[in-house]
Amino acid sequence: MKKLFCSVNILLQWAGVIAQVHQAPAYPLITHDPYFSIWSMTDTLSASPTKHWTGTDQSLLGMLKVDGVIYRFLGADEKSYKTILPAADEKAYTTTYTETAPADGWMKSDFDDRDWKTGTAPFGDDEIVSKTRWLTKDLWIRRSFTMSGNKFNKLFLKLRHDDDVEVYINAVEVIKRPGATGKFLYLPLIDSILKKIKTGTNVLAMHVVNTGGAAWLDGGLVEEPKLVSVNKTQLASQKSITINATQTSYTFTCGKADLQLTFTSPLIINDLDLLARPVSYISAKVSANDGASHDVQLYFGASTDIAVNTPLQEVKAQQYAAKGLSILKAGTTEQAVLQKKGDDLRIDWGY
């Protein structure tokens, strides 16, 4: 009896292993290695932009046009920002700094910082990517910038710090935040801070404390523009989702047409040639659901952000034909092979 119970238990566990999955914390779309790895982070494929496993947007976009009506079934609008005051990931900037505790009022516009040093951001302890080495415990930075007005849609502080940080604009505290960030945060500025930004000269003042480990400080200002809708699109109605070992499949209804969409990454462990080939397949099947004929067009787009580590890297794109295939190719102009390291990293070489 005990042996029978064990056998039944094993069979039930095995059935759970081989069963198809219909709901998950995230859904694999393109999966080959930690670099080439794109996921849907929402149960509905059109509810959010597709992302790298680290959470960075790597957008795929899919739409089906049925009798002139456009239905979006894959992806969503990404956050985009207009630079007001560039951080060093976009453009290196020079600012005053000190590693010795300054007098009171160091964050004020009229503070005398003529005795401070001058350095180029970003500040940090990484000798490869830091423009100014910072190896002490404390760092104070004053960055002057000129504005022609203070009318913005939504203004954000773009900030990356390691570790504890406090930030001021014209002596008004923007944020005081412990810990470290491995990537830039976009922190909205409230109205009381926006009102302190004036036409003419302003000061962004930052103080960071290295409590241990790595050290880093960089910051700027960006604006989120108003979205301008050119074409009105409808959302496709997602009917199902199924995940198995090498595929994630969706079904949708787009008006009078049904769509079956399948993402396949053929990582077959007993075929090393296939396993080593970084190729994924996306297949679409469309059929009428009312028995009639319809004019149907399928659009699929892939952002060049898939080929970069950060969206500000310069990209070159090319269209060409080879062996009967029409090919779109994109990659960074830099092609910095194996020049970066870390966990929060996307591949920026290759095409």
Side-chain angles (χ1 to χ4, degrees), residues 12 14-33 36-53 55-79 229-269 271 274-275 277-303 305-306 325-326 328:
L12 288 173
W14 176 246
V17 169
I18 64 173
Q20 295 176 330
V21 178
H22 301 282
Q23 194 167 20
Y27 300 86
L29 305 180
I30 296 173
T31 53
H32 285 275
D33 55 50
F36 193 28
S37 182
I38 304 175
W39 297 67
S40 172
M41 303 297 188
T42 48
D43 291 327
T44 302
L45 189 58
S46 61
S48 68
T50 56
K51 298 177 183 291
H52 187 257
W53 70 266
T56 298
D57 288 348
Q58 289 193 333
S59 183
L60 303 175
L61 186 64
M63 293 181 285
L64 192 70
K65 188 176 183 180
V66 182
D67 297 332
V69 181
I70 300 173
Y71 298 86
R72 175 166 50 85
F73 58 84
L74 166 62
D77 289 330
E78 299 177 74
K79 285 282 188 182
S229 179
V230 179
N231 295 315
K232 291 186 177 180
T233 62
Q234 299 184 25
L235 289 179
S237 175
Q238 182 174 308
K239 297 301 183 181
S240 69
I241 177 173
T242 302
I243 308 171
N244 62 32
T246 61
Q247 294 181 316
T248 300
S249 298
Y250 296 84
T251 58
F252 304 90
T253 294
C254 305
K256 296 178 181 179
D258 291 334
L259 168 66
Q260 180 181 339
L261 187 71
T262 302
F263 297 85
T264 303
S265 294
L267 303 181
I268 308 301
I269 199 166
D271 187 335
L274 191 61
L275 184 68
R277 185 174 64 189
V279 177
S280 279
Y281 302 87
I282 303 172
S283 61
K285 295 180 181 179
V286 182
S287 59
N289 56 37
D290 63 353
S293 296
H294 299 282
D295 181 20
V296 175
Q297 292 176 292
L298 179 73
Y299 170 84
F300 176 80
S303 169
D305 283 352
I306 296 170
L325 294 176
S326 179
L328 288 171

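Heads up: numbering here begins at 1 and tracks the sequence.
Here the side chain of Thr50 pairs a donor or acceptor atom with the backbone of Leu60 at under 3.5 angstrom. Judged by distance alone, with hydrogens and angles left aside, the side-chain atoms of Thr251 form a donor-acceptor pair with the main-chain N or O of Ser240 at under 3.5 Å. A donor-acceptor contact shorter than 3.5 Å links the side chain of Asp290 to the backbone of Ala292. A donor-acceptor pair is defined here as one N or O able to donate and one able to accept, closer than 3.5 Å; such a pair exists between the side chain of Asn289 and the backbone of Gly255. At least one donor-acceptor pair under 3.5 Å links the side chain of Asp67 to the backbone N or O of Asp295. A donor-acceptor pair is defined here as one N or O able to donate and one able to accept, closer than 3.5 Å; no such pair exists between the side chain of Thr44 and the backbone of Ser46. With hydrogens and angles disregarded, a donor-acceptor distance shorter than 3.5 Å links the side chain of Thr248 to the backbone of Pro28.
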Trace of the side-chain contact (heavy atoms from CB on, under 4.5 Å) decision for Gln247 with Thr242: CA-CA 8 Å; Gln247 294 181 316; Thr242 302; over 6 Å; no
Check against side-chain contact (heavy atoms from CB on, under 4.5 Å), Leu29 and Ile282: CA-CA 9 Å; Leu29 305 180; Ile282 303 172; over 6 Å; no
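In this structure, Val66 and Val286 have side chains that are not in contact, with every pair of non-hydrogen atoms separated by 4.5 Å or more. The side-chain heavy atoms of Thr246 and Tyr281, taken from C-beta on, include no pair separated by under 4.5 Å. Side chains of Leu74 and Phe300 form a contact here, defined as non-hydrogen atoms less than 4.5 Å apart. In this structure, Glu78 and Asp305 have side chains that are in contact, with non-hydrogen atoms separated by less than 4.5 Å. By the 4.5 Å heavy-atom criterion applied to side chains, Gln297 and Ile70 are not counted as neighbours. At least one side-chain heavy atom of Val296 sits less than 4.5 Å from a side-chain heavy atom of Leu64. Annotation: side chain of Asp43 is in contact with side chain of Tyr27 (closest heavy-atom distance under 4.5 Å). Here the side chains of Tyr71 and Gln234 are in contact, with some heavy-atom distance below 4.5 Å.
Closest non-hydrogen pair, Ser37 versus Gln58, comes out as O-OE1, 4.2 Å. Nearest approach of Arg72 to Leu235, heavy atoms of both residues: NH2-CD2, 3.2 Å. His52 and Met41 get closest at one heavy-atom pair: O-CE, 3.7 Å. Scanning all heavy atoms of the two residues, the minimum distance from Ile306 to Ser59 falls at CD1-O, 4.3 Å. The two residues Ala76 and Ala47 make their nearest non-hydrogen contact at CB-C, 4.2 Å.
Distance check: Ile269 CD1 to Leu274 CG gives 12.0 Å after rounding to the nearest 0.5 Å. For the atom pair NE2 of His32 and CD1 of Ile38, the computed distance is 9.5 Å after rounding to the nearest 0.5 Å. The distance from atom CZ of Arg277 to atom OG of Ser265, rounded to the nearest 0.5 Å, is 11.5 Å. The CD atom of Gln238 sits 6.0 Å away from atom CG of Leu45, with the distance rounded to the nearest 0.5 Å. Distance check, rounded to the nearest 0.5 Å: CG of Asp77 to CG of Leu61 gives 8.0 Å. In this structure, the separation between CZ on Phe252 and CD1 on Ile241 is 8.0 Å, given to the nearest 0.5 Å.
Relative ring orientation between Tyr250 and Phe263 is described as perpendicular, the plane-to-plane angle rising above 60° on a 0-90° scale split at 30° and 60°.
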